[in-house]
Amino acid sequence: MIEDKWPQHAYTAAARDIAPALLGRYLVHKIGEKILAGRIVETEAYGGMYRRQPDDGSHAFRGLTSRTEPMFWAGGWSYVYLIYGRYCCMNIVTGSKGDAQAVLIRAVEPVSGLDEMLKNRGVSSLCKNLTNGPGKLCQALNIDLRQNKLDLCGDELYVIEPNNARRICTCRSTRINIDYAVKGKYFPWRFYIKGNPYVSRF
DNA sequence: AGCTCGATGTCT
DNA sequence: GACATCGAGCTA
């Protein structure tokens, strides 16, 4: 795999623009010599404004807290949080310092380290169930709270351009499981690759 | 210190 | 459709 890592300036745009741009790129978790990687097929943008409405679906909506601290950093850091006491979700912070925007990685297609992913997920053979959800992909790629607040320009967790990028059709929809967000539930900020079997829901 | 709940996944 | 499981965030 030729590494063509996204540099810091690739993360300075708004989450709503970077979320679709991440589709088709590879998310890489390097553990020592082991490479676990997945092709990003589904994302959601959080934070910022849509039609002059602030995003009440964002963790950062009510301001800076200890959990959401990395969301307020400049683009190019990881924000990993624990959900329901059992799973983790991985976000890529975007924008400028103080913007509090991030892109949730909701699904990937396994690319590298298949055996390791199967083991991490407790699954016996390659199937879409391996990485078709934000908690599942973190488990497969061995991403947990230890990977919170990592510099994506470092050498452990990062995004690369695949050298044989396929042409994709992008679909968009409202985001999953944010009914609590009075305004944000209507923002069309979920993006996914049309027809890809690893997308979490259609 | 106590209480509530969640950007989910798994099993029934 | 029930429920596991735990840290953050809020109230006091």
Side-chain angles (χ1 to χ4, degrees), chain A residues 11 14-20 22-23 27 38 40-50 53-73 75 77-95 99-110 117-150 157 171-193 197-202:
Chain A
Y11 297 104
R16 54 185 290 179
D17 295 325
I18 293 185
L22 281 167
L23 297 177
L27 175 65
I40 299 170
V41 301
E42 180 181 351
T43 59
E44 283 177 354
Y46 284 89
M49 311 270 277
Y50 179 73
Q53 300 278 6
D55 181 14
D56 55 355
S58 169
H59 286 171
F61 180 64
R62 288 174 181 78
L64 174 65
T65 64
S66 65
R67 181 179 61 153
T68 61
E69 185 189 1
M71 279 194 76
F72 288 80
W73 297 354
W77 292 83
S78 68
Y79 166 46
V80 181
Y81 65 89
L82 182 69
I83 180 102
Y84 296 102
R86 319 190 107 213
Y87 302 99
C88 287
C89 293
M90 193 253 167
N91 294 254
I92 288 174
V93 177
T94 72
D99 286 352
Q101 299 188 10
V103 176
L104 171 67
I105 308 300
R106 280 198 59 89
V108 304
E109 178 182 322
M117 290 193 210
L118 293 171
K119 195 167 69 179
N120 292 340
R121 286 275 298 135
V123 169
S124 58
S125 65
L126 180 61
C127 61
K128 64 178 187 178
N129 188 42
L130 202 55
T131 52
N132 64 339
K136 295 177 191 176
L137 77 89
C138 281
Q139 203 170 49
L141 296 178
N142 202 16
I143 292 170
D144 59 30
L145 294 180
R146 290 170 298 185
Q147 278 69 45
N148 189 24
K149 301 183 181 179
L150 285 187
L157 191 62
C171 298
R172 64 192 286 158
S173 74
T174 53
R175 295 168 293 179
I176 304 287
N177 282 348
I178 53 159
D179 287 347
Y180 60 85
V182 177
K183 303 287 187 185
K185 65 192 287 188
Y186 301 110
F187 294 6
W189 280 2
R190 171 173 176 250
F191 304 88
Y192 57 96
I193 294 178
Y198 290 90
V199 170
S200 66
R201 317 187 193 173
F202 288 98

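Residue numbers start from 1 in every chain, and the chains themselves are labelled A, B, ... in the order their sequence lines are given, proteins ahead of strands.
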From the options [options], select the nucleotide whose nearest atom is closest to the side chain of [X].
X: A/Thr65; options: B/dT8, C/dG9, C/dG7; value: C/dG9
X: A/Thr68; options: C/dG9, B/dG9, C/dT5; value: C/dG9
X: A/Ser66; options: B/dA7, B/dT10, C/dA8; value: C/dA8

Rounding to an integer number of Å, can you tell me how far [X] [atom1] sits from [N] [atom2]?
X: A/Asn91; N: B/dA7; atom1: CG; atom2: C1'; answer: 8 Å
X: A/His59; N: B/dG6; atom1: NE2; atom2: C1'; answer: 7 Å
X: A/Phe61; N: C/dG9; atom1: CZ; atom2: C1'; answer: 16 Å
X: A/Asn177; N: B/dC5; atom1: CG; atom2: P; answer: 16 Å
X: A/Arg201; N: B/dT8; atom1: CZ; atom2: P; answer: 7 Å
X: A/Ile83; N: C/dA4; atom1: CD1; atom2: C1'; answer: 13 Å
X: A/Arg175; N: B/dT8; atom1: CZ; atom2: P; answer: 12 Å
X: A/Asp179; N: B/dT8; atom1: CG; atom2: P; answer: 11 Å

Taking the side chain as every heavy atom from C-beta outward, state whether [X] and [Y] have any atom pair closer than 4.5 Å.
X: A/Leu141; Y: A/Gln147; value: no
X: A/Lys183; Y: A/Tyr50; value: no
X: A/Lys136; Y: A/Asn129; value: yes
X: A/Ser200; Y: A/Arg190; value: yes
X: A/Tyr192; Y: A/Phe202; value: yes

Look at [X] and [N] and indicate whether a side-chain polar atom (N or O) is within less than 4.0 Å of OP1 or OP2.
X: A/Ser58; N: B/dA7; value: no
X: A/Arg121; N: B/dG9; value: no
X: A/Arg67; N: C/dG9; value: yes

Q | A/Tyr84-B/dT8 aromatic stacking (under 5.5 Å, under 30°) | A | yes

Q | Sugar-phosphate only, base, or nothing, as touched by A/Gly85 at under 4.0 Å among non-hydrogen atoms | A |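 Base: the residue A/Gly85, judged by heavy atoms under 4.0 Å, touches a nucleobase.
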
Q: Determine which nucleotide pairs with B/dA7, using a 3.5 Å limit on both distances of a Watson-Crick or G-U wobble pair.
A: none

Q) Which base, if any, makes a Watson-Crick or G-U wobble pair with C/dT5, both distances under 3.5 Å? A)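 Base-paired to nothing in any strand shown.
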
Q: State whether the distance check finds a donor on one side and an acceptor on the other, under 3.5 Å, for side chain A/Tyr81 versus base C/dA8.
A: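 No, the side chain and the base share no sub-3.5 Å donor-acceptor pair.
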
Q) Taking the nucleotide of DNA chain B with the closest heavy atom to each, which residue, A/Gln139 or A/Ile176, is nearer the 5' end? A) A/Ile176

Q. DNA chain C: A/Leu145 or A/Tyr87, which has the more 5' nearest nucleotide?
A.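 So the residue in question is A/Tyr87.
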
**Q.** Side-chain ion pair, A/Asp55 and A/Arg175, N-O less than 4.0 Å
**A.**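 Salt bridge: yes.
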
